[in-house]
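What's counted below: heavy atoms across the whole structure, side chains too, no hydrogens, waters or symmetry copies. Here is the naming used below: chain letters follow the sequence lines, and residue numbers restart at 1 for every chain.
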There are 2 protein chains.
Amino acid sequence: MSDATKARKAALRKKLIELAEAQIAAEGLSSLRARGLAKEAGCAVGAIYTHFTDLDALVLEVNGRTFRRLGSSVAASVAAAADQPPRDRLIAMSHAYLHFAAEHAFLWRALFDVEMSADGPVPQWYLDALGGLFSYIAAPLAELFPDMPEHELDLLTRALFSSVHGIVLLGLEKRISGVPLAQIEQMIAQVLSRVQ
Amino acid sequence: MSDATKARKAALRKKLIELAEAQIAAEGLSSLRARGLAKEAGCAVGAIYTHFTDLDALVLEVNGRTFRRLGSSVAASVAAAADQPPRDRLIAMSHAYLHFAAEHAFLWRALFDVEMSADGPVPQWYLDALGGLFSYIAAPLAELFPDMPEHELDLLTRALFSSVHGIVLLGLEKRISGVPLAQIEQMIAQVLSRVQ
DNA sequence: CTATTGGTTGAACGCCGTTCATCAATTAGC
DNA sequence: GCTAATTGATGAACGGCGTTCAACCAATAG
C-alpha cells in the first residue's frame, strides 16, 4: 500500500473521529447516527465499518481523546497548586474535574454512558487513564495521612474520587437536582475540607 | 363503562407494569422491547399505547415503584438505628442504600438512566421521593451541626447524598472499578466518619 | 334492537445499526 | 505497458426497533 493511500485512509478515519466528537459535543451521545456521520464525512455508511468494528468502537476513540484532555486538565490544576497544602490541591483538582465536566458536558457523560452497553473488556488505556486520575488524588492524601496503611489509603482515594464524581454528576444533572456551579464547588470543598 | 371493563383495563395496565419491572430487573432497562412485552402480556403491541403514552412512561411507573421501595428500605434502616448517634445513623442508611442498589442493580440503575433521555419535566413524585431521601440525611446532620446555617446544611445534605451515590455507582460498576460490597461499605464509612 | 363508545388489533411506517455483493482504484508481477 | 490481484468504498438491502392508525369488535346506552 502506497503512502498516499495510507494517508487517505488515515485522513478518513481521523475525520470520522472528529465529526463524531463534534456531534456528541453538540447534541449528546444518543444523537450520533451512522448515516448522519457518513453524510457529513462525504462517504458511504459502509466506509465507517472498514475503520471501526461498530459505532461503539468509534465512540471509544472519542472517549480516549476526552479522557486524555480531562487528564491534562486535572494535571494542570495540580501543577498550578503545587506549592499549596495537600487539602487545597485536592480541592483544586476536584474543581478542575468539575469545570471540565461542565464545559464538555456531553463528551464527559459519554465517558460513562458507552462502556455499560458494550460487553467487551474495558480497554487498557481506559483503566490507565482512571489510574492516572487516582494517582493525582493519592499523592496529597499520602501527605495528609502519612501513617495510613497503603490499602486503606487506596480505598480512601477511590472513595474521594467517587464522592467528587457523584457530586459533579448529580450537581450537573439539571433534571434531578441541578445547582449552580458555585454551589457545586462549595459542596466539593465541604466534603473534602472535612476529611480529617 | 362497567366495573368489569374497568377492572380488565386496570388488570392489563398492572400486568404490563409488572412484566416490564421483571424484564428490567432480569436483563436491564435496555432489554425492554414493546413487542416482547406485548407477547408476554398476551396482547397486541398497540394495546401498550392505550395505557401509556410511550415506553418511557411505562418505565417511569416502574421507577416509581422502585423509588418507593428504596425509600422504605432506607426508612427501615433509620428506624432500626434510631437509638444510635447521628453519625452511625448516616452510615446505616447509606449502607441500606448500597444494599438496595446491589440487590436490585438493574432496577436501581433504571432510576437514573431513563429520565435523561425523556425531555418532559420530572414528575413531582420523583422530586418528592428524592426530597424524602434528603430529609433522612438532613436530620442526623442537624444534630451533628446544630449551629450550621440552614443553607449550608442543605448543601451538605446534597453533597453527602451525592458522595454516597457516587461511591455506590462506581463501586458497583464492575467494568470500571468494581469492588466487593464490604469494601464499598468501608469507603462509605470512611467518608462519612470523617465528616467533622 | 340499534347506535355509539372506546379498548384492541396488527400491518405498516420510518428510522436505526449493520452487512455484503458489487464496483473502482491502486498495486504487484511480468 | 499490460494484466491480475488486492483492497477500500459503495449503497441497496436486512432485520429489528418504537410508534401509529384504519379497521374491528365487545360492551353499553337509548
Subject >> Rounded distance in Å - CZ (R13(A)) to P (dA9(D)) >> reply: 12 Å
**OP:** Please determine if E18(B) and R65(B) form a salt bridge, counting it only when a charged side-chain N lies under 4.0 Å from a carboxylate O.
**Re:** yes
**OP:** Output all residues satisfying salt bridge (Lys or Arg N to Asp or Glu O under 4.0 Å) with E185(A), sequence neighbours left out; order by chain, then residue number.
**Re:** none
Subject >> Salt bridge E27(B)-R33(B), side-chain N to carboxylate O under 4.0 Å >> reply: no
Original post:
To the nearest Å, how far apart are L58(B) CG and dT19(D) P?
Top reply: 10 Å
Original post:
According to a strict under-4.0 Å criterion, is H51(B) in side-chain N/O contact with OP1 or OP2 of dG7(C)?
Top reply: no
Subject >> Sequence neighbours excluded, every pair satisfying ring-ring contact (aromatic ring centres under 6.0 Å, His included) that has a member inside residues 38-58 of chain B >> reply: none
Original post:
Taking only residues two or more places apart in sequence, or in another chain, which ones meet F67(A) in a ring pair (Phe, Tyr, Trp, His ring centres under 6.0 Å)?
Top reply: Y126(A)
Original post:
Taking only residues two or more places apart in sequence or in another chain, which ones pass side chain to side chain donor-acceptor pair (under 3.5 Å) with S31(B)?
Top reply: Q23(B)
**OP:** Calculate the interatomic distance between F52(B) atom CZ and dG7(C) atom C1'; express it in whole Å.
**Re:** 14 Å
Original post:
Rounded to the Å, how far apart are D56(A) CG and dC16(C) C1'?
Top reply: 14 Å
Original post:
Quick one, which residues of residues 37-49 of chain A touch DNA chain D with a heavy atom under 4.0 Å?
Top reply: C43(A), A44(A), V45(A), G46(A), A47(A)
Subject >> T50(A) side chain near dA9(D) phosphate (N/O to OP1/OP2, under 4.0 Å) >> reply: yes
**OP:** May I have the distance from D54(A) (atom CG) to dG15(D) (atom C1'), rounded to whole angstrom?
**Re:** 17 Å
Subject >> Near-strand residues of residues 27-35 of chain B, defined as heavy-atom separation under 4.0 angstrom from DNA chain D >> reply: L32(B), R33(B), A34(B), R35(B)
**OP:** Determine the interplanar angle of the F161(A) and H165(A) rings, folded into 0 to 90°, and report it as parallel if under 30°, tilted if 30 to 60°, perpendicular if over 60°.
**Re:** parallel
**OP:** Give a yes or no on whether a salt bridge exists between E21(A) and R69(A), defined as a side-chain N under 4.0 angstrom from a carboxylate O.
**Re:** yes
